Amino acid sequence: MPSPLPAALFTGVLLATIVTGVGSGHSGPVAAPHWGTPDCATVTGADGALSFTTDDGATIAPTAGKLTPVAYTHLTALSEPNTLIGFSKGMIQRSTDAGCSWQEIAKLEQNLDAYDVAAGPAGVAYVYGINDQPMFVVHGDRVTDGSAPIAGDGVVGLVVDPQNASHVRAVDKDGRLHDSFDGAQTWRTVGNAPAGSPWAYSAAIDPLDLDHVVLGCSSVSWVTFDGGISWQQPTGLTEGLNGKSVNLFSTAISPLDSSLVWAEGYDSDRAGQGNAVRRIYRSTDGGRSFTGMLDGLDATLINGTDLYPSPTDRDVLYFVYGTWYAGTGTNLYRFDTSMNGRNQRLSFTHNTYDGIDSIVFNPADPRVLYLGLSEVR
């Protein structure tokens, strides 16, 4: 098994420019200078799990490798120029040419289907489990062991301090915050858990302010602005005559504006209205209050639709629906809420993949979307 890297490799890094690719609490901060865009027609790699689009998914660059089932793929862009990390099944791959070619750097015993990845400074990334305990640290072409803060379990959100790659903040399923200052070797609990020990589905940690966390939970969700010392319940998530709370499955904070938060959830008061029961919400005050923006009658939503706010346009959100069933394929949605929502525009492109499990924006040109593809059939 891999062994830990010395913590000294990660310390003392300060980034002057930060762009963030954000998913379901997903990809962390990356530095934009010296990044380029892919200049290839075909992506080469070990398994065809990773590709990109320059037109919001209307066309996806073909892959030389063939994606085989069952594969769920995640990726992130690093601070090192033109460098990305991606993985599916048990294989971790790296690209050093802006996503044109991928090379295997580690083959793990663990199946990484339920893992995600967060990038930090100094070319470091953390691969962490949603429902699994092992954590892995990627630095260059080396993959080493880390540990999760809760023995035998995973976390619902993780981010790397943009000024120090050895400082990692994670959130467990009870909503407790945990810090590591030695590259995920040891952890300490920060602040307090929200009242009632909620079951957390997701946690969006603000990469510009690690004390700002939006927690998506079953029944009652929470937000903190002081690192978990105090929590408050957002308004706007209890609707209808029955006054039932919305189950928030997904949360994401805009990399441009910490006051802008997106969430997706299940509104029990809409039970019996078909897929209108699932809604995407927006907050413009950091998660203190939410407003419903669209529902499952506008776009196909599931419990846990991942959300990807644009790093250059605060009004734009990307999300995905895909399934292998009946050869349905995948819709890649773009939702524009310009003019404070009075001029909303929802569009989508369709492809034949079984799903897109991760979207990351190219730091030099966010019109380039890197895609982690899935194959189930």
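Keep in mind it's a predicted model, so treat the numbers as computed, not measured. Computation of the quantities below employed the complete heavy-atom set of this structure, encompassing side-chain atoms and omitting hydrogens, waters and symmetry-equivalent molecules.
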* To do: Decide yes or no for L317 and T337: does some side-chain heavy atom of the first lie under 4.5 Å from some side-chain heavy atom of the second?
  => no
* Asked: Can you list the residues that meet the side chain to side chain contact (heavy atoms under 4.5 Å, CB included) rule with N351, with sequence neighbours excluded?
  -> I60, T330, Y353, I356
* Close side-chain approach of P62 and V43, heavy atoms under 4.5 Å -> no
* Asked: What orientation do Y333 and F319 show, parallel under 30°, tilted 30 to 60°, or perpendicular over 60°?
  -> parallel
* Residues D211 and R169 bridged, charged N to O under 4.0 Å -> yes
* Asked: Does a side chain donor of either N331 or H350 reach within less than 3.5 Å of an acceptor in the other side chain?
  -> yes
* **Residue pair F335 / V316, side-chain heavy-atom distance below 4.5 Å** => no
* **Parallel, tilted or perpendicular: ring planes of F225 versus H212, cut at 30 and 60 degrees** => parallel
* To do: Kindly indicate whether the side chain of S310, heavy atoms from C-beta on, has any atom under 4.5 Å from the side chain of P366.
  => no
* Heavy-atom side-chain proximity of V171 to L158 below 4.5 angstrom -> no
* Asked: So do S221 and Y201 actually touch side chain to side chain, heavy atoms under 4.5 Å?
  -> no
* Would a 4.5 Å heavy-atom cut-off, applied to side chains only, mark W231 and L215 as touching? -> yes
* Structure fact -> Given the options S338, S259, P309, R314 meets side-chain contact (heavy atoms from CB on, under 4.5 Å) only with S259
* Does some side-chain heavy atom of Y318 sit less than 4.5 Å from a side-chain heavy atom of D56? -> yes
* To do: Name the orientation class of the two ring planes belonging to F181 and H167 (parallel below 30°, tilted from 30 to 60°, perpendicular beyond 60°).
  => parallel
* To do: Indicate whether any N or O donor in one side chain lies under 3.5 Å from an N or O acceptor in the other, for S180 and D182.
  => yes
